[in-house]
Amino acid sequence: MKETKSSYYRKLFEAMHFKPCPVPEGFPAEGECWQLTGDGGGGYYWVYEAGDRYNIKIHDFWFREDTVTDMSIPECLSVTWYESISGEELQPYRKLNCHVVKSFLGGYHPYRALIHRGVPIRSIGIEYRPAYYEAYLKEQFGDLYQSPADAFRSLDETADFPEMSRLLRELWRYQGQGLPATLYYDAKAAEALSLVFERHRKLNERRTVPVPESDQVMLQSLSAYIGDHYADSLSIEMLAKIACMGTTKLKRCFKIYFDCTVADYIQRVRIDQAEHLLAYTDLPVGEVAKAVGYTAAGHFAELFRSAKGILPLEFRKAMWERQG
């Protein structure tokens, strides 16, 4: 097997007990693969390197114990689709979510995260290096060139980027090799970057009328209220009164400020709390559902699978059985 071109990733793989292996079934044929071995867990890390321009990475592995990752990633810009993950980023602290498209800017500060045991990290992303976005983009886009860092920073994390999630999933299924694969990956890398830029342009247009500071304060207070009362019946009319806004204004300002709807935000808080109860208590799934605000266990199970990639009992089993 070819040697991974990036010395950074060689060191990272070795430190995390990944060993080179043949590309297994279910991964793209063109690329290099590493397998997590020993008592640390199991699964694979697949990488396709396009010189010093970009790489494509697939994660499909799990840790046997809760694991803190601490990585000083080289300068890069990345966009990733997460199908499954459980944990928290630590600096700054926030929940790691699945079924989202997420950006990351490397070279600015170390990346620290706590990855929960047992639950697979399943994701695919493209990581762009400075040689690509500082030189190639200027040549290709000319006067249309904008700051790529600003474009990626504005993406942050969103469940509302279907074009990007579809493109990245297509990359996972691709089985071409040789020159066709090179041409395919180059085209998809350029297309993904264009999608980020186009989304950035639309966001700038939408935010020409920003949320006033006084309304931002009310939205932050409303967020805290939802965090304390997520298990209650939270109607949009009641939430609008708490925020001192009409329902139409609340929906519009909330979407701009949090980049999701009020209903999606409440559901995310509830599912995150359910994840904790499933992992650290033995409450039946039906009781977990009620504890976070759902009366029907079946409906809760489907929402949990949509948010986390697996059913509640599968999540609990993964958390409990892979401890030993």
Any side-chain heavy-atom pair of [X] and [Y] under 4.5 Å:
| X | Y | answer |
| --- | --- | --- |
| K308 | C98 | yes |
| R268 | Y230 | no |
| P28 | Y48 | no |
| F63 | I121 | yes |
| H299 | L303 | yes |
| I310 | R316 | no |
| W172 | I58 | yes |
| Y225 | M238 | yes |

To the nearest 0.5 Å, tell me how far [X] [atom1] sits from [Y] [atom2].
| X | Y | atom1 | atom2 | value |
| --- | --- | --- | --- | --- |
| E134 | L77 | CD | CG | 9.0 Å |
| K102 | M164 | NZ | CE | 14.5 Å |
| L195 | K188 | CG | NZ | 9.0 Å |
| R122 | I124 | CZ | CD1 | 10.5 Å |
| L219 | I256 | CG | CD1 | 10.0 Å |
| D186 | R53 | CG | CZ | 4.5 Å |

Closest non-hydrogen atom pair between [X] and [Y], with its separation:
| X | Y | value |
| --- | --- | --- |
| Y133 | Y128 | CE2-O, 3.4 Å |
| R270 | D232 | NH2-O, 2.9 Å |
| S78 | F152 | O-CD2, 3.4 Å |
| G31 | W46 | CA-NE1, 3.8 Å |
| Y111 | I73 | CB-CD1, 4.2 Å |
| D215 | C253 | OD2-SG, 4.5 Å |

Hydrophobic cluster identity match, [X] and [Y], side-chain contacts under 4.5 Å:
| X | Y | result |
| --- | --- | --- |
| V292 | L313 | yes |
| Y93 | V68 | yes |
| F304 | L277 | yes |
| L171 | L183 | no |
| V217 | M245 | no |

Set out, in order, the CA-CA distance, both residues' side-chain angles and the distance that settles side chain to side chain contact (heavy atoms under 4.5 Å, CB included) for E30 and Q177, then state yes or no.
CA-CA 5 Å; E30 185 78 5; Q177 292 180 274; 3.7 Å; yes

One pair to check against side chain to side chain contact (heavy atoms under 4.5 Å, CB included): C260 and F254. What are the steps and the verdict?
CA-CA 7 Å; C260 66; F254 199 97; 4.3 Å; yes

[Y] backbone acceptor or donor facing [X] side chain under 3.5 Å:
| X | Y | result |
| --- | --- | --- |
| T69 | R112 | no |
| S194 | A190 | yes |
| E287 | P284 | no |
| S84 | P120 | yes |
| T37 | H17 | yes |

Assess whether side chain to side chain contact (heavy atoms under 4.5 Å, CB included) is satisfied between F300 and I271, documenting all intermediate values.
CA-CA 9 Å; F300 160 72; I271 296 300; 4.1 Å; yes

Aromatic centroids of [Y] and [X] separated by under 6.0 Å:
| X | Y | result |
| --- | --- | --- |
| W81 | H99 | yes |
| Y185 | Y174 | yes |
| Y265 | F258 | yes |

Stepwise side chain to side chain contact (heavy atoms under 4.5 Å, CB included) test for E88 and L96:
CA-CA 5 Å; E88 298 85 26; L96 286 167; 5.6 Å; no

Charged N-O contact under 4.0 Å between [X] and [Y]:
| X | Y | answer |
| --- | --- | --- |
| R129 | E49 | yes |
| E198 | R201 | yes |
| K95 | E275 | yes |

Going by atom types alone, do Y257 and Q220 pair a side-chain donor with an acceptor below 3.5 Å?
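A pair is found: one side chain offers a donor N or O, the other an acceptor, under 3.5 Å apart.
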
Does a sphere of radius 6.0 Å around [atom1] in [X] hold more than 12 heavy atoms from other residues, nucleotides or ligands, not counting ones at 6.0 Å or beyond?
| X | atom1 | result |
| --- | --- | --- |
| Q175 | CD | yes |
| D39 | CG | no |
| R153 | CZ | yes |

